[in-house]
K.L.:
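Take this structure, written in structure tokens, and hold onto it; I'll ask about it next.
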Amino acid sequence: MGYVKITLEEDEVPRNFQNILPDLPKPLEPPLNPATNKPVGPSDLEAIFPKEVIRQEVSQERFIPIPEEVREALLVLGRPTPLFRARRLEKALKTPAKIYFKHEGLNPCGSHKPNTAVAQAYYNMKEGVEKLATETGAGQWGTALSYATMLFGLGCEVFMVKSSFAQKPYRKIMMETYGAKVHASPSEITSYGKKVLKEKPNHPGTLGVAISEAIETVVTDKKGKTKYSLGSVLNHVLLHQSVIGQEVRAQLAKADEQADYVIGCIGGGSNFGGIALPLIYDKLKGKNNTEFIAVEPIACPSTTKGEYKYDFGDSAGMTPLMKMYTLGKDFIPDPLHAGGLRYHGMAPIISLLVNEKMVKPVAYKQKEVFEAAMVFARSEGIIAAPESSHAIKAAIDKALECRKKNEEKTIVFNLSGHGLLDLGGYADYLAGKIID
Ligand SMILES: *Cc1c(COP(=O)(O)O)cnc(C)c1O
């Protein structure tokens with residue numbers, strides 16, 4: 001009956017991160033210093049990031065070796081992760097298409113995010129940093145960084161978007177269990193948080209505001225031993241996530257398959273970049289003819305409705321300006337169960353590929369995404385994260401299109417995380433409270 005899941009051996013976990021920068025169809029435009037409008041130099045970033053991360057951010061090397069300790073952490077996290085064939089879903093949809101999904105939700109944190117968290121924590125530890133500060137939306141990134149700092153003996157301070165802080169109390173408990181300190185953002189402990197609260201006392205929080213608070217914590221640390229860590233958007237984060245796509249490449253080869261479609265949800269672009277970029281590299285070399293589909297919520301439609309221009313990464317305007325698809329730094333998306341997709345911008349690498357028409361963006365409403373999540377739960381038995389359910393929705397749509405045209409295409413999507421701490425969303429759906 002063929003594969004139900006395609007697994008790899010431990011020694012097949014990649015030994016290098018694969019970097020797309022030297023192979024992009026056009027060079028990325030540099031980040032700019034907002035005061036001078038000149039490109040930021042590596043030294044401008046040293047206040048907030050360790051040197052190795054800055055080096056990787058602009059590296060033109062195609063392969064960057066994964067340090068042994070980081071590779072070991074990836075093994076502890078359960079890599080290589082399985083590529084499942086969703087035969088029960090195919091049957092439920094009565095589709096001739098083959099549907100595969102890469103399961104990134106099986107590790108202790110429950111999402112793809114620890115792939116970069118362990119690398120970032122390691123490089124910071126190596127350079128003598130004592131604590132990392134960060135933001136988190138739904139809590140997945142905060143959980144991953146709390147876990148990674150625990151592994152490498154660092155402290156961790158997390159600013160969690162207030163709307164999620166209230167919705168997802170168990171995420172906070174996970175972070176605290178790993179030893180992190182967690183604040184609802186906007187908070188009273190930074191001057192930016194205070195300013196935001198003064199203007200709008202019941203501000204629900206956004207990733208942009210939380211990023212500003214985390215960066216303020218770093219630049220005001222008198223000892224200078226705190227650095228900042230970002231869970232998505234930047235080149236080095238997508239680089240670390242390339243372990244996903246490199247494994248998928250090996251798994252598809254093992255099953256003698258070629259993907260017709262590779263699908264992922266996009267918040268900042270890291271899990272999609274992780275699965276897609278190694279295969280986009282292959283496409284650029286003429287080795288596949290895959291179509292790449294990036295899925296976002298209609299409530300936060302950066303690549304389908306945003307503008308491709310220079311904008312800040314945060315809301316306060318403290319970060320360099322990046323060329324990306326953006327809804328504007330002050331955009332406040334409605335609270336959404338897919339909290340990890342509530343970001344106003346998009347990774348510059350993914351933005352460039354969307355602009356070059358190498359990645360096709362699509363957007364869905366929250367209700368149809370939960371409907372797809374239910375079909376998946378009731379066929380494959382997996383309760384997916386609301387973020388990942390955007391990818392499920394797009395995969396199901398493609399599979400139904402195949403049914404109509406009687407085409408046996410191969411669809412691969414990234415299941416970026418499980419939804420066991422997102423049951424509030426499922427509860428709302430089951431109660432008929434998600435109407436749009
Ligand atoms: C954070 C998160 C996302 C969105 O972030 P990307 O950087 O776009 O991957 C998607 N899925 C899950 C499960 C997440 O935790």
Side-chain angles (χ1 to χ4, degrees), residues 81 101-117 120 134-147 158 160-161 164 167-168 171 174-175 207 210-211 229-245 263-277 292-297 300-303 313 324-325 333 336-351 353-354 359 361 363-364 369 373 376 382-394 413-422 425:
T81 60
F101 63 93
K102 180 73 164 163
H103 201 335
E104 289 295 312
L106 293 169
N107 64 63
C109 303
S111 79
H112 65 289
K113 293 210 171 73
N115 296 329
T116 182
Q120 294 192 46
T134 197
E135 75 294 331
T136 194
Q140 295 270 26
W141 169 242
T143 303
L145 195 68
S146 304
Y147 170 91
V158 182
M160 185 171 185
V161 174
S164 297
Q167 262 176 4
K168 306 201 166 156
R171 280 275 165 213
M174 280 185 84
M175 292 184 253
L207 280 171
I211 293 172
S229 181
L230 194 61
S232 188
V233 182
L234 297 181
N235 303 341
H236 66 271
V237 179
L238 276 59
L239 171 74
H240 300 153
Q241 294 294 355
S242 68
V243 293
I244 302 173
I263 301 172
C265 65
I266 45 169
S270 77
N271 87 85
F272 174 77
I275 193 168
L277 294 177
F292 298 91
I293 302 172
V295 194
E296 64 190 10
C300 194
S302 47
T303 59
M324 61 181 176
Y325 277 95
L336 196 66
H337 289 290
L341 306 186
R342 286 177 80 242
Y343 180 59
H344 67 270
M346 185 49 54
I349 289 175
I350 304 300
S351 296
L353 291 169
V354 167
V359 168
Y364 289 110
V369 165
F376 189 62
I382 297 170
I383 296 180
E387 292 85 356
S388 322
S389 302
H390 287 72
I392 296 173
K393 169 64 181 160
F413 73 86
N414 199 23
L415 184 72
S416 52
H418 71 64
L420 296 179
L421 293 179
D422 305 296

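Indexing begins at 1, ligand by ligand and atom by atom, following the structure's order. Remember, it's a predicted structure, so these values are computed and weren't measured experimentally. Heavy-atom basis, side chains included; hydrogens, waters and symmetry copies ignored.
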K.L.:
Using the side chain to side chain donor-acceptor pair (under 3.5 Å) criterion, which residues pair with S270? Sequence neighbours excluded.
P.N.:
H112
K.L.:
Non-hydrogen atoms closer than 4.0 Å to ligand 1: which protein residues do they belong to? List them by chain and number, please.
P.N.:
S111, H112, K113, Q140, S232, C265, I266, G267, G268, G269, S270, N271, G340, L341, A385, E387, S388, S416, G417
K.L.:
Does a side-chain heavy-atom distance below 4.5 Å link I275 with E104?
P.N.:
no
K.L.:
With sequence neighbours excluded, what pairs up with Q120 under the side chain to side chain donor-acceptor pair (under 3.5 Å) test?
P.N.:
T116, S229
K.L.:
Applying ring-ring contact (aromatic ring centres under 6.0 Å, His included), name anything that partners Y147, two or more places apart in sequence or on another chain.
P.N.:
Y178
K.L.:
Passes side-chain contact (heavy atoms from CB on, under 4.5 Å), H418 versus I383? Steps please.
P.N.:
CA-CA 6 Å; H418 71 64; I383 296 180; over 6 Å; no
K.L.:
In the structure I gave you, are the side-chain heavy atoms of V369 and H337 within less than 4.5 Å of one another anywhere?
P.N.:
no
